[in-house]
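All values derive from a computational prediction rather than experimental measurement.
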Amino acid sequence: MVLFVGSLFAEFVANDRPILVRYDGQFYMPVVVEYPETTFGGIFETATDYHDPEVQKLIEEKGWIVWPMIPFSYDTVVHDLGRPSPSPPTAKNWLGTDDQARDVAARLIYGFRISILFGLILTLLSSVVGVAAGAWQGYFGGMVDLLFQRFMEIWGSMPQLYILIILASFFEPSFSLLLVIMLAFSWMSLVGVVRAEFLRGRNLMFVMAAKALGQSNVRLMFKHILPNAMVATISFMPFILNGAISSLTALDFIGYGLPAGSASLGEILNQGKNNLQAPWLGISAFFVTAIMLSLLIFIGEAVRDALDPRKTFRT
């Protein structure tokens, strides 16, 4: 959670714009607002390049600059490396640079954030759709259950990876497009579990009593049966989350994921494969991905145990 919350403020950790600038008695926040160079005594109306030595000199003559911990963003090209890129780790670039002279540490921070956000959004949407579909199917049963099962067998047999590659060749890849395409398949992972719980729960005595009292089907499904099915549902959520992140990383690795230039763990892994003489690329991306997926599984197991009534101790 600390890593995730910290990554949400990545602009204050790794950025090619200062966090705070004091110039001529006034304070500026370039990390939030874009200022023209003329604001600091320059001659150009374009956006300020704070890494320009002349600009830094102008600011320091009448004030000071507070830089982020890593003074590079995920797409910043690092100049004056003194050697061809990818360059090894140094005091300036903690994890070195990639083959386009971009800081690897900054790209890992932004890539970590986008991977977690993508996985969380996809897991939330998949859970909503999957739980609703499984609840409808298991509660009503009969022909509804039979037809829906046949539809899922046909839909689930479609090759997801090939469909993603085909669609990526027709449309420009984007965060939202990948989310929609992967949502079209990931929702099915929860349907079977929820369906089984609803098939069992609809015949329980308290459910039949509530139905006899005239309660609606929607209230019976989501008020009385769904809470009993949540433990099994939550048990699968961490695997959906990790699967979403792994799929995004794999698509970025083969070049069919996020748009070119985006901060991506899979893209760094691909660079590591293509630049075996620069082991810091593959090692950094591997450890970030492995630690991230492991921690997410541990969090999911803890949430599952906390909500499991069988593991609640009573005194």
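Separating the OG atom in Ser284 from the CG atom in Leu265 is a distance of 11.0 Å, to the nearest 0.5 Å. With rounding to the nearest 0.5 angstrom, the CD1 atom of Ile254 is 13.0 Å from the CG atom of Leu269. For the atom pair CD1 (Ile109) and CG (Asp103), the distance works out to 8.0 Å, reported to the nearest 0.5 Å. Here CZ of Phe198 is found 10.5 Å from CZ of Phe140. Values are rounded to the nearest 0.5 Å. Note that CG of Leu177 and CG of Leu258 are 10.5 Å apart. Values are rounded to the nearest 0.5 Å. Atom CD of residue Glu37 and atom OH of residue Tyr50 lie 9.5 Å apart, to the nearest 0.5 angstrom.
Within a 6.0 Å sphere centred on CH2 of Trp136, heavy atoms belonging to other residues, nucleotides or ligands number 12 at most. Atom CZ of Phe236 has 12 or fewer heavy atoms from other residues, nucleotides or ligands within 6.0 Å. By the 6.0 Å contact criterion, OH on Tyr162 is open, its count of non-hydrogen atoms from other residues, nucleotides or ligands being 12 or less. Environment of OH in Tyr35: crowded, with over 12 heavy atoms of neighbouring residues, nucleotides or ligands closer than 6.0 Å. Applying the 6.0 Å contact sphere to CZ of Phe287 captures no more than 12 heavy atoms from other residues, nucleotides or ligands.
A distance-only check finds no donor-acceptor pair linking the side chain of Ser73 to the backbone of Asn15 [under 3.5 Å]. Not one N or O on the side chain of Asn275 forms a donor-acceptor pair closer than 3.5 Å with the backbone of Ala278. Between the side chain of Ser264 and the main chain of Gly266, a donor-acceptor pair closer than 3.5 Å is present. The backbone N or O of Ser87 sits less than 3.5 Å from a side-chain atom of Thr97, completing a donor-acceptor pair. A donor-acceptor pair is defined here as one N or O able to donate and one able to accept, closer than 3.5 Å; such a pair exists between the side chain of Thr90 and the backbone of Asn93. Counting only distance, with no hydrogens or angles, the side chain of His51 and the backbone of Phe72 share no donor-acceptor pair below 3.5 Å.
Contacts classified as side chain to side chain donor-acceptor pair (under 3.5 Å) and involving residues 107-122 (residues at least two apart or in different chains) are given here: Glu11-Arg113, Arg107-Glu267.
When every heavy atom of Pro279 is checked against every heavy atom of Gln277, the shortest pair comes out as CD-O, 3.3 Å. The two residues Ala106 and Ala14 come nearest to each other via the heavy atoms CB-CB, 3.9 Å. Pairing each heavy atom of Pro30 with each of Val21, the nearest pair is CG-CG2, 3.7 Å. The two residues Val191 and Ala133 come nearest to each other via the heavy atoms CG2-CB, 4.1 Å. The heavy-atom pair separating Trp187 from Leu183 by the smallest distance is CD1-O, 2.9 Å. The minimum heavy-atom distance between Pro36 and Phe40, with the atom names listed, is O-CD1, 4.1 Å.
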Show your working on side-chain contact (heavy atoms from CB on, under 4.5 Å) between Met29 and Leu20 and close with a plain yes or no. CA-CA 5 Å; Met29 294 190 66; Leu20 185 65; 4.1 Å; yes
Before giving the answer on side-chain contact (heavy atoms from CB on, under 4.5 Å), spell out for Asp98 and Ile268 the whole-Å C-alpha distance, their side-chain angles and the decisive distance to 0.1 Å. CA-CA 8 Å; Asp98 61 9; Ile268 299 176; over 6 Å; no
Check the pair Glu54, Lys57 against salt bridge (charged side-chain N to carboxylate O under 4.0 Å, His left out), reporting the backbone distance first and the verdict last. CA-CA 5 Å; Glu54 294 297 327; Lys57 183 179 179 181; 5.4 Å; no
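Looking at heavy atoms from C-beta onward, Val104 lies out of side-chain contact with Gln271 at the 4.5 angstrom threshold. Within the 4.5 Å cutoff, the side chain of Leu178 has heavy atoms near those of the Leu248 side chain. No side-chain heavy atom of Leu3 sits less than 4.5 Å from a side-chain heavy atom of Ile116. Between Leu190 and Ser126 there is no side-chain heavy-atom pair separated by less than 4.5 Å. Annotation: side chain of Tyr28 is not in contact with side chain of Val33 (no heavy-atom distance under 4.5 Å). Between Met182 and Ser247 there is a side-chain heavy-atom pair separated by less than 4.5 Å. At least one side-chain heavy atom of Ile297 sits less than 4.5 Å from a side-chain heavy atom of Phe239. For the pair Ile283 and Leu95, the minimum side-chain heavy-atom distance is 4.5 Å or more.
Following chains of ILVMFWY side-chain contacts shorter than 4.5 Å, one cannot reach Ile154 starting from Val144, and the two form parts of different hydrophobic clusters. Linking Ile, Leu, Val, Met, Phe, Trp and Tyr residues whenever their side-chain heavy atoms come within less than 4.5 Å leaves Leu124 and Leu296 in two separate clusters. Hydrophobic clustering, with ILVMFWY side chains joined whenever heavy atoms are under 4.5 angstrom apart, keeps Leu147 apart from Val194. Cluster membership for Val193 and Val128, using ILVMFWY side-chain heavy atoms within less than 4.5 angstrom, is not shared. Note: the hydrophobic cluster containing Leu179 also contains Tyr256 (ILVMFWY, side chain heavy atoms under 4.5 Å, direct or indirect links).
Between Thr123 and the options Ile245, Ile240, Asn242, a side-chain contact (heavy atoms from CB on, under 4.5 Å) holds for only Ile240.
Looking only at atom types and distance, the side chain of Gln149 has a donor-acceptor partner in the side chain of Gln137 under 3.5 Å away.
The ring pair (Phe, Tyr, Trp, His ring centres under 6.0 Å) test applied to Phe175 returns Phe118, not counting sequence neighbours. Applying the salt bridge (Lys or Arg N to Asp or Glu O under 4.0 Å) rule to Arg200 yields the partners Glu197; only residues at least two apart in sequence or on another chain are considered.
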